[in-house]
Q: 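Below is one structure. I have some questions about it.
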Amino acid sequence: MKSMQTLKNKKDSNVRVRFAPSPTGFLHIGGARTALFNWLYAKKTGGTFILRIEDTDTARHQENTIEPIFDSLRWLGINWDEGPGKGGDYGPYRQSERTHIYQDYAQRLLDDRKAYYCFCSPEELKEKRDAAAKKGLSFKYDRKCFGIPLEESRERIKNGEPSAIRILAPDDGTIEFDDMIYGKIKVNTENLDDYVIMRSNGLPTYNFSVAVDDALMEITDVIRGEDHLSNTPKQILVYRALGFSLPGFIHLPMILGKDGSKLSKRHGAVSVGFYREEGFLEEAMVNYLALLGWSYDEKTTIFSVPELIEKFSLEGIGKKPARFDYDKLLWMNGYYIRTLPAERIKPLIEKRVRDFLENADRSRIIIKTDEISERIDRIMPLISMRIKTISESISRIYPFFISVEYNEQLKEYFKNKEISAQNVLEKTIDSIKEIGNEEDFNSSVLEEKIHKLCEDLDIGIRKLTEVLRIALWADKVSPPLFETMAILGKDETLKRLAKYLKAIDGK
Ligand code: GLU
């Protein structure tokens, strides 16, 4: 067994770590955190990061439940050195392709009398389980089939009798291991069940296949969620029975939702794919995931990937459960949108705009396809300080691309107000018309004109711009008004002012 000391000092490139998701159709936030910590540790130490798919559950073994996991990992930049699509010397990397290996190792255990065939029917086992539960005891198999000689078992199997294989848990021993996070763990083997390692359908159970694979793939450090801590003694039973040497164990603290219970769908979206769709940036996602259970100095929150690789250490992982805080993630995403170079953000916004226009009513589109890119360049400085997700950008900027419509509420908005919206609109139109060609139609000229108008009409700037804002944006909030007018251009600005004037006519 490795001591804490050797683990801590490990800086060589023999490090081999793995992420071993089951194909669930999506990458869970918790899984992504596990993958990231393994990956960072491999990068930090110059080790190898392995991806292994735990798809022994045939009913769920379908490509479409694996692909989204690959996609999300790639999106986060968590690339694997060995695994599906990549190969490696320790493959295959899908458990469904390794059945013969598990069968082979199970045979070895049978031959050594460290495992035995079990012919108990599911009904019989259920009865025993229920009886134990009634007494408030945890179920422990009574070894009814342990005494059956191997030859007799093989004969019964030949005759078609269904059988599982159970591992023999020694009666009188202890299993002890050092978890780097949770410390020394000691379990009396008496408390371990002779659990099933191979099912009657010839497929392995999780605790068996995971131990065989981790050993054969020469995993040096098993880094995974705390929910697997209780499985570790069962896996060590397999290591011992097969004479494999133990890896280091590092169980990561749980991730809780805001209310303090285990993070689940009840707390909102838990799939990485959802956040990608929502317009979160991978930089923010990786940064945020890294802080779920790890910290550098308790105060630094912003880390680029190279900084994470440089600063990450297993020692920085705490025992205390981490909290998944959507608002903090949102804040962090906003931070990255504000601070990353425009070339990084622009294509994401442009894609959303183009998708939006694809689905928009053609008659409302006010821009030519080849003008979209340039318009986005002009819009970006107006919104990048304000938006928190890329998808949010569309709701803030779509009137730069399609004409506006006023609802009844907006049409009546100025009805009983002191200000005469008609007068403001008419005078603004006159004033704006005076501005020469499109080059002069810029925000500073517009600002000057509108301020002058306020003086002439003896109206406060806020009151006046409220009329213009609603006319131009069909909303009470808009990007900065003069820049907005400049980007829309003289024709479109005049068109909208006139359109609102008409819309409120007679109201
Ligand atoms: N397939 C397991 C899971 O998805 C991984 C277990 C492990 O890392 O040992 O939870």
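Numbering of ligands and ligand atoms starts at 1, following listing order. One-based numbering along the sequence shown. Atoms considered below: every heavy atom in the structure, side chains included; atoms not considered: hydrogens, waters and symmetry mates.
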Q: Is there any side-chain hydrogen bond (donor to acceptor under 3.5 Å, both in side chains) pair reaching into residues 160-170, and which pairs are they, with sequence neighbours excluded?
A: Arg156-Glu161
Q: Does any pair with a residue in residues 187-211 pass salt bridge (Lys or Arg N to Asp or Glu O under 4.0 Å), and if so which ones, sequence neighbours excluded?
A: Arg143-Asp194
Q: Quick check on the 6.0 Å ring-centre criterion: do Phe37 and Phe312 meet it?
A: yes
Q: How close does the nearest protein non-hydrogen atom get to atom 10 (O) of ligand 1, and which residue and atom is it?
A: His228 NE2, 2.9 Å
Q: Which protein heavy atom lies closest to atom 6 (C) of ligand 1, and at what distance to 0.1 Å?
A: Tyr206 OH, 3.1 Å
Q: Below 4.0 angstrom from a heavy atom of Val210, which ligand 1 atoms are there? Numbered from 1 as shown, please.
A: 9 (O)
Q: Counting only heavy atoms, tell me which of His28, Arg52, Glu54, Gln95 gets closest to atom 1 (N) of ligand 1.
A: Glu54
Q: Quick one: does Asp221's side chain have a donor or acceptor within less than 3.5 Å of a partner on Val17's backbone?
A: no
Q: Pick one of side chain, backbone, both or neither for how Phe19 approaches ligand 1, counting any non-hydrogen atom pair under 4.0 Å.
A: neither
Q: Would you check the N or O atoms of Pro21, main chain and side chain alike, for any that come under 3.5 Å of an N or O of ligand 1?
A: no
Q: Could a heavy atom of Arg18 be found less than 4.0 Å from some atom of ligand 1?
A: yes
Q: Report yes or no: does Glu218 contribute a side-chain atom to a donor-acceptor pair with the main-chain N or O of Arg16 at less than 3.5 Å?
A: no
Q: Are Thr48 and Arg18 close enough that a side-chain donor and a side-chain acceptor fall under 3.5 Å?
A: no
Q: Could you identify the single nearest non-hydrogen protein atom to atom 5 (C) of ligand 1 and state the distance to 0.1 Å?
A: Ala20 O, 3.2 Å
